[in-house]
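Written below as structure tokens is the structure these notes are about.
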Amino acid sequence: MWFKKKKTKQLVVPKHVAIIMDGNGRWASKRGLPRLAGHQAGVEALKRVVRASQFEGVEYLTVYAFSTENWNRPEDEVMGLMDLIVFFLKRDLKELSREGVRIRTIGDISALPSEPLKEILDAVESTQHNLGLQLIIALNYGGRQEIVTATQKIARDCLSGLIAPEAITESLFSDALYTTDLPDPDLIIRTSGEIRISNFMLWQSSYSEYFFTDLLWPDFDHEALLTAISAYASRDRRFGKVKKV
């Protein structure tokens, strides 16, 4: 078992939780450590939250691991992040797989270096039949890029005569996104006190609930996840409709 503690009761648990994992660098700076140490601590937080999410009944967990903008960081930090992806998968894949976790990705992973790309593809393939929590890792992902890529695909289909422009619907557009067979996130969490969405799941988040916390990502844990889920459960989600009296 992942946890021995008693499972939380009487909470409406979101089906799909997405997390903008922010604050690794600040966590390290506060301790006089190099930024990479913060990213290493962030990997440990990810493992905790994967366990906690599965324990609480979350079905899909999407984590923003590497954005299209992150390539602009110093080269040693970028390569350190790639090494951590390899480390996480090599160390924890078997354990996650035993617990039924299915690993998936969104984003243009073809641009990743060969070793992390191989580890990711192997992880996706080896867990594709698992029936537990689906862990979706956003790698080389950007919401605007995703929308542009989907638009290009639909435009090509129109030019080739596969579809007529007037046949384009929200559903058809959604099917052209990286998340084609995933539900939209119910709850999006951002750590570190920043209050912005940073190009994350722009289309899919149209009716997501947001939860912002001052906790830095390496400090995020099961109790912090429960705090976010509790806030989510207390909200009245009307999806544009008028509340019934």
Side-chain angles (χ1 to χ4, degrees), residues 14-21 53 58-72 78 82 85 89 93 97 100-188 190 196-210 237-241:
K15 183 182 222 180
H16 185 175
V17 174
I19 305 179
I20 302 172
M21 305 179 294
S53 297
V58 174
E59 297 180 32
Y60 302 86
L61 174 66
T62 298
V63 293
Y64 203 5
F66 192 87
S67 75
T68 51
E69 292 78 23
N70 285 158
W71 295 109
N72 297 319
V78 171
M82 295 298 158
I85 292 169
L89 292 174
L93 180 60
S97 188
V101 175
R102 179 183 177 186
I103 295 176
R104 305 175 64 175
T105 66
I106 56 174
D108 180 14
I109 63 171
S110 66
L112 300 180
S114 58
E115 186 177 8
L117 178 59
K118 179 182 182 302
E119 292 295 331
I120 291 160
L121 291 175
D122 287 348
V124 169
E125 182 179 6
S126 66
T127 64
Q128 63 182 316
H129 300 300
N130 290 353
L131 300 177
L133 173 75
Q134 295 198 28
L135 172 61
I136 301 100
I137 306 174
L139 289 166
N140 194 28
Y141 174 86
R144 288 183 173 182
Q145 174 210 52
E146 179 181 30
I147 291 170
V148 168
T149 300
T151 303
Q152 291 170 340
K153 178 183 182 300
I154 294 170
R156 287 193 296 270
D157 288 345
C158 286
L159 288 172
S160 65
L162 292 175
I163 58 172
E166 57 271 18
I168 298 171
T169 62
E170 288 187 15
S171 177
L172 187 145
F173 192 87
S174 292
D175 286 343
L177 299 171
Y178 295 129
T179 53
T180 176
D181 61 342
L182 297 171
D184 289 343
D186 302 293
L187 171 64
I188 297 179
R190 180 164 189 153
R196 57 178 179 269
I197 58 177
S198 295
N199 200 20
F200 184 54
M201 303 190 89
L202 300 180
W203 175 273
Q204 300 88 341
S205 63
S206 58
Y207 278 101
S208 301
E209 297 292 330
Y210 276 87
R237 304 187 75 204
R238 299 191 298 275
F239 299 96
K241 300 176 183 177

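Treat the numbers as computed from the prediction; the structure is a model and nothing was measured.
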| Sub-4.5 Å side-chain heavy-atom contact between Thr127 and Leu93 | yes

| Heavy-atom side-chain proximity of Gln204 to Leu182 below 4.5 angstrom | no

| Ser53 side, atom OG; Leu133 side, atom CG - distance, nearest 0.5 Å | 6.0 Å

| request: Indicate yes or no: at least one non-hydrogen side-chain atom of Ile85 is less than 4.5 angstrom from one of Ile137. | output: no

| field | Arg102: salt bridge (Lys or Arg N to Asp or Glu O under 4.0 Å) partners, not counting sequence neighbours | value | none

| Is there side-chain contact between Ser198 and Arg190, with heavy atoms separated by less than 4.5 Å? | yes

| task | Measure from the side-chain N and O atoms of Asp184 to the backbone N and O of Ser205, and report whether any donor-acceptor pair falls under 3.5 Å. | result | no

| query | Can you list the residues that meet the salt bridge (Lys or Arg N to Asp or Glu O under 4.0 Å) rule with Arg156, with sequence neighbours excluded? | reply | none

| said: Which residues pass the salt bridge (Lys or Arg N to Asp or Glu O under 4.0 Å) test with Glu115, not counting sequence neighbours? | reply: Lys90

| task | Would you confirm whether Asp157, through its side chain, and Ile154, through its main-chain N or O, come within 3.5 Å as a donor-acceptor pair? | result | no

| query | Going from CG on Leu117 to CD1 on Ile109, what distance comes out if it is rounded to the nearest 0.5 angstrom? | reply | 5.5 Å

| ring pair (Phe, Tyr, Trp, His ring centres under 6.0 Å) pairs, two or more places apart, involving residues 157-176 | Phe173-Trp203

| said: Per the salt bridge (charged side-chain N to carboxylate O under 4.0 Å, His left out) rule, what does the pair list look like for residues 160-178, sequence neighbours excluded? | reply: none

| task | Please round to the nearest 0.5 Å and tell me the distance separating atom CG of Leu177 and atom CG of Leu172. | result | 10.0 Å

| Going by heavy atoms in the side chains, are Leu135 and Val63 under 4.5 Å from each other? | yes

| Summary of salt bridge (charged side-chain N to carboxylate O under 4.0 Å, His left out) pairs that have at least one residue in residues 120-146, sequence neighbours excluded | Lys118-Asp122

| Can you check whether Tyr178's main-chain N or O pairs, donor with acceptor, with Tyr141's side chain at less than 3.5 Å? | no

| message | Over 60° means perpendicular and under 30° means parallel, so tell me whether Phe66 and Trp71 are parallel, tilted or perpendicular. | response | perpendicular

